[in-house]
Colleague: 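The structure is given below, and queries will be raised subsequently.
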Amino acid sequence: MTGFQFSFLGCLMGLMLFVASLIGLYMWGVRIWKHVLFAFLKMAGALCLIAGLLKLASWADNLLVSLLIAGVLNGVAAMTVVRKSRIGQASFILPVFGGQLVSLVVLGLFFLCVVCGVSAPFRPQMFLPMMGILLGVMVTPNAKALAAYYDGVRHHAQRYHFLVGNGATHHEAVAYFHRQALQCAAAAWVQRMALTSFLSLPVVMCVLLLYGVPEIEAALWCLFLAGVMICLPICSVFLTLFLARKYVFDIYGQIKWEGESH
């Protein structure tokens with residue numbers, strides 16, 4: 001597998017591409033050049049942080065360190081999901097964290113070990129990038145699904161009480177809210193795949209080809225990765241809703257939020 005060799009001069013020339021773009025925008029009076037600069041600095045900071053974490057995990061070469069780093073990344077993703085969903089309660093970070101972590105580890109290892117046949121899935125160079133890819137694609141679907149579920153519980157409590165009062169079980173009464181959450185997660189995935197299928201996955205496939213992966217294997221890897229992308233938010237949403245049940249319903253099955261404003 002061939003690696004890249006970056007010299008100091010090569011790095012400077014690479015940075016000159018960004019500097020030249022900013023100078024061109026400034027000279028032509030395009031006011032958005034400041035936003036371009038901010039976006040570049042933000043991206044560079046995120047890449048440096050990710051590279052530092054991967055370097056630390058590779059240096060330690062320890063499963064616990066890799067799991068700790070994955071847990072930190074998942075914690076940041078969980079806070080992002082709660083903020084984007086506008087639930088308004090920080091207590092939901094823990095169930096979101098748990099639902100995402102279990103889904104990530106189980107489906108990620110299933111994809112690496114069973115689908116791809118990787119013999120050492122816990123290697124930092126293999127485990128952490130896989131966790132990062134999956135986390136990146138699940139934040140938006142999770143946030144939209146949770147927002148749809150809890151908005152439904154808040155605003156359609158009468159429907160829940162009507163079903164329960166007419167003999168429906170708790171699981172039957174909340175099935176409508178689960179279906180709404182699932183529909184939002186699937187819709188978010190479709191929107192994401194409309195962009196991913198034409199931009200992100202071909203780029204990933206080209207990177208795999210650059211590193212010597214055969215063409216058919218690279219295409220299959222990207223294809224099956226798309227399957228994990230749709231399965232992951234669904235599993236994560238249902239696990240999160242199961243773990244967060246006590247925050248929504250009391251021990252008698254009554255909605256705690258009834259009467260509260262959104």
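The basis for the numbers below is simple: all heavy atoms, side chains too, and nothing from hydrogens, waters or symmetry mates.
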Colleague: Evaluate the side-chain proximity of Val81 to Ile93: yes if any heavy-atom separation is below 4.5 Å, no if none is.
Modeller: no
Colleague: Quick check on the hydrophobic clustering: are Val115 and Leu134 connected, directly or via other members, by side-chain heavy-atom contacts under 4.5 Å?
Modeller: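 Yes, Val115 and Leu134 fall within the same hydrophobic cluster.
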Colleague: Quick check: closest heavy atoms across Cys11 and Phe6, and the distance to 0.1 Å?
Modeller: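 So the minimum-distance heavy-atom pair works out to SG-CB, 4.0 Å.
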Colleague: If you measure from CG on Leu104 to CG on Leu109, what distance do you get to the nearest 0.5 Å?
Modeller: 10.0 Å
Colleague: Going by heavy atoms in the side chains, are Asp61 and Phe122 under 4.5 Å from each other?
Modeller: no
Colleague: Are Leu63 and Ile69 connected into the same hydrophobic cluster when the rule is that any two of I, L, V, M, F, W, Y join if their side-chain heavy atoms are below 4.5 Å apart?
Modeller: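 Both belong to a single hydrophobic cluster.
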Colleague: Does Ile216 have more than 12 heavy atoms from other residues, nucleotides or ligands lying within 6.0 Å of its CD1?
Modeller: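 Result for CD1/Ile216: open.
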Colleague: Check whether any side-chain heavy atom of Ser103 lies under 4.5 Å from a side-chain heavy atom of Leu239, and answer yes or no.
Modeller: yes
Colleague: Would you mind writing out the side-chain donor-acceptor pairs for residues 39-55 within the sub-3.5 Å range, not counting sequence neighbours?
Modeller:
none

Colleague: Out of curiosity, does Val102 fall in the hydrophobic cluster containing Leu182 (side-chain heavy atoms, cut-off under 4.5 Å, transitive links)?
Modeller: no
Colleague: More than 12 heavy atoms of other residues, nucleotides or ligands under 6.0 Å from CD of Gln183: yes or no?
Modeller: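 Atom CD in Gln183 is not packed in, count stays at 12 or less.
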Colleague: Nearest heavy-atom pair of Ala57 and Leu128: which atoms, and what distance?
Modeller: CB-CD1, 3.5 Å
Colleague: Looking at NZ of Lys144 and NZ of Lys84, how far apart are the two atoms once the value is rounded to the nearest 0.5 Å?
Modeller: 9.0 Å
Colleague: Taking all atoms of both residues into account, what is the closest heavy-atom pair of Ser66 and Pro124, and its distance?
Modeller: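 In this case the closest contact between Ser66 and Pro124 is OG-CG, 3.7 Å.
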Colleague: Is it true that Gln100 and Thr240 share a donor-acceptor pair across their side chains at a distance under 3.5 Å?
Modeller: no
Colleague: Return all side-chain donor-acceptor pairs below 3.5 angstrom for residues 217-237, not counting sequence neighbours, or 'none' if the list is empty.
Modeller:
| unit_1 | atom_1 | unit_2 | atom_2 | d |
| --- | --- | --- | --- | --- |
| Ser236 | OG | Asn142 | ND2 | 3.0 |

Colleague: Identify whether Leu22 and Phe38 are in the same connected component of the hydrophobic contact network (ILVMFWY, side-chain heavy atoms under 4.5 Å).
Modeller: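 Different clusters: Leu22 never reaches Phe38 through Ile, Leu, Val, Met, Phe, Trp or Tyr contacts under 4.5 Å.
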Colleague: Would you indicate whether the side-chain heavy atoms of Leu37 and Lys34 approach each other to under 4.5 Å?
Modeller: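 With C-beta onward as the side chain, the pair stays apart.
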Colleague: Side chain to side chain contact (heavy atoms under 4.5 Å, CB included) between Met126 and Leu112: does it pass, once the steps are laid out?
Modeller: CA-CA 9 Å; Met126 185 69 65; Leu112 291 175; 4.0 Å; yes
Colleague: May I ask you to test the Val118-Phe111 pair for a side-chain heavy-atom distance under 4.5 Å?
Modeller: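 The answer is no, as the side chains (C-beta and beyond) never meet within the 4.5 Å cut-off.
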Colleague: Can you name the nearest heavy-atom pair linking Leu64 to Asn62, along with the distance?
Modeller: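 Result for this residue pair: N-OD1, 2.8 Å.
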Colleague: Who are the ring-ring contact (aromatic ring centres under 6.0 Å, His included) partners of Tyr26, not counting sequence neighbours?
Modeller: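 Scan of Tyr26 (ring-ring contact (aromatic ring centres under 6.0 Å, His included), adjacent residues dropped) gives Trp33.
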Colleague: Do you know which two heavy atoms are closest between Ala60 and Val65, and how far apart they sit?
Modeller: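 Closest approach of Ala60 to Val65: CB-CG2, 3.9 Å.
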Colleague: When clusters are formed by joining ILVMFWY residues with side-chain heavy atoms under 4.5 Å apart, either directly or through shared neighbours, do Leu94 and Leu68 land in the same one?
Modeller: no
Colleague: Can you confirm whether Phe127 sits close enough to Leu67 that some side-chain heavy atom of one is under 4.5 Å from a side-chain heavy atom of the other?
Modeller: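 Heavy-atom side-chain distance check passes, below 4.5 Å.
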Colleague: For residues Pro121 and Cys113, report the shortest heavy-atom separation together with the two atoms involved.
Modeller: CG-SG, 3.3 Å
Colleague: CG of Asn74 to CE of Met138: how many Å apart, nearest 0.5 Å?
Modeller: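 The CG atom of Asn74 sits 7.0 Å away from the CE atom of Met138.
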